Number of protein chains: 2
Amino acid sequence: MRVGAALLRTEGPGVLSLREIARRAGVSHGAPRRYFPTHLSLLSAIARSGFADLSEQVWTALRAAPQDPRAQIKTIAERYVRFAATNRGMFELMFRHDVLSSGGELGLRDVSLPLFHLLTDLVAAARPASRFSARVTAAAIWSALHGTAQLWNWGSLTLATGATDPTPFIDATLAAHLGPEGRP
Amino acid sequence: MRVGAALLRTEGPGVLSLREIARRAGVSHGAPRRYFPTHLSLLSAIARSGFADLSEQVWTALRAAPQDPRAQIKTIAERYVRFAATNRGMFELMFRHDVLSSGGELGLRDVSLPLFHLLTDLVAAARPASRFSARVTAAAIWSALHGTAQLWNWGSLTLATGATDPTPFIDATLAAHLGPEGRP
DNA sequence: CATCTTCCGTAGACAGTGTCTACGCGCTCT
DNA sequence: AGAGCGCGTAGACACTGTCTACGGAAGATG
């Protein structure tokens, strides 16, 4: 099989054993070894494609969104959390420590960093005066997004607040960091 | 062995195979089965003890901290992130989806919910006027803390901002949600 | 005191896993 | 046409989690 990309529509994260993947691909259990020296490197490749997918979704959404910084930040935030909620298994795989630490931080450096820098610039343009640098604020927002996605995904936020939608938490985070919504 | 508690000082999360745990405990590989019907239930028990540990650390730190709401919130935040940084393997185990989803959400309901409600009350007392409910704000803060702990743990924040300490992100988050520091 | 039951651990089997090795088919290139 | 090699197969190995049958020690019961 060309890449593990064709196998990404894994129905669950439990099917990700090397032999099971090979089985679904219709090849013998030794075949993937030609392309990926180890099981983890296969998973890393799958996760990397997940990062690419996420970043592409965010970028295209950004192009379609209004151009003012605040709206762009909101678009990033919503896309990030929605991606996590829609592609649960993939999101979980993408942030598994063992997968992450192998493969040279996989997509983090190549995919997330440009996005993070964009976020930093947007934050610098959108936020009110603050004693924190735009980098720190952007990182805090990113952390909040990631935590929201994570907690939302396994239902903790629903359990704690009864919410049926994660957007209020996103809005609260952005409003806190950038000031109330509604003005340029 | 009485509980897996004695085995918690696991040097790494890779040693957590059932047989390896039994080996370190000096018993045969079938012995743990008397107490934990399945491997996952053993891990859940270990993770549960991790939740208990975390919550205890937070509560005792709260007792020693100044009593004004803002300082209490900061104490919770710092303890949470510090726990994650200090007990990496345990933190990771505690939030593994498969461990989480088994064992009836293990410590989440029993341990985290009281803490969350306390956080909600503190937020209600400490924050300025806002159009978001205290619940939502508290949940947003919690998400931010969790995300910070996670991203910090695998070095993303350092990679993105060059920071050597996670407290700036905590401070930025709290300042954003609760207003600048320094007043009652 | 003898016996029986119940707890708690052992030891072996089984299917399944990731990795490694030897093997062979079929293509391409000179 | 023949050699080389990319790409896949098949079997082995150590290891895993789960299941089962077995044993021995302790306490309860007659």
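Predicted model, so just to flag it, every value in this text is computed and none were measured. We name chains A, B, ... by the order of the sequence lines, and we start the count at 1 in each one.
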Is the phosphate of dG8(D), meaning OP1 or OP2, less than 4.0 Å from a side-chain N or O of Tyr35(A)?
yes
Asp98(B) CG - dG17(D) P separation (whole Å):
13 Å
Sequence neighbours left out, what passes side chain to side chain contact (heavy atoms under 4.5 Å, CB included) with Glu92(B)? Give chain and number order.
His97(A), Pro13(B)
Sequence neighbours left out, what passes side chain to side chain contact (heavy atoms under 4.5 Å, CB included) with Ser28(B)? Give chain and number order.
Ala31(B)
Strictly below 4.0 Å: does Thr38(A) bring a side-chain N or O up to OP1 or OP2 of dT19(C)?
yes
Not counting sequence neighbours, which residues clear side chain to side chain contact (heavy atoms under 4.5 Å, CB included) with Ala124(A)? List them please.
Ala134(A)
Considering only heavy side-chain atoms of Val27(A), the closest of dG9(C), dT9(D), dC7(D) is dT9(D)
Tell me, which pairs form a side chain to side chain donor-acceptor pair (under 3.5 Å) where one or both residues lie in residues 157-175 of chain B, sequence neighbours left out?
Lys74(B)-Asp171(B), Asp165(B)-Thr167(B)
Under the side chain to side chain contact (heavy atoms under 4.5 Å, CB included) rule, collect the residues that match up with Gln57(B), sequence neighbours excluded.
Asp53(B), Arg79(B), Phe83(B)
For the residue pair Val81(B) and Leu145(B), what are the closest heavy atoms and their distance?
CG2-O, 4.1 Å
Considering only dT19(C), dC22(D), dC23(C), which nucleotide approaches the side chain of Arg34(A) most closely?
dC23(C)
Produce the list of close N/O pairs, under 3.5 Å, pairing protein atoms with atoms of nucleotides 10-16 of chain D; give distances to one decimal.
{"unit_1": "dG11(D)", "atom_1": "O6", "unit_2": "His29(A)", "atom_2": "NE2", "d": "2.8"}
{"unit_1": "dT16(D)", "atom_1": "OP1", "unit_2": "Ser17(B)", "atom_2": "OG", "d": "3.4"}
{"unit_1": "dT16(D)", "atom_1": "OP2", "unit_2": "Arg23(B)", "atom_2": "NH2", "d": "2.8"}

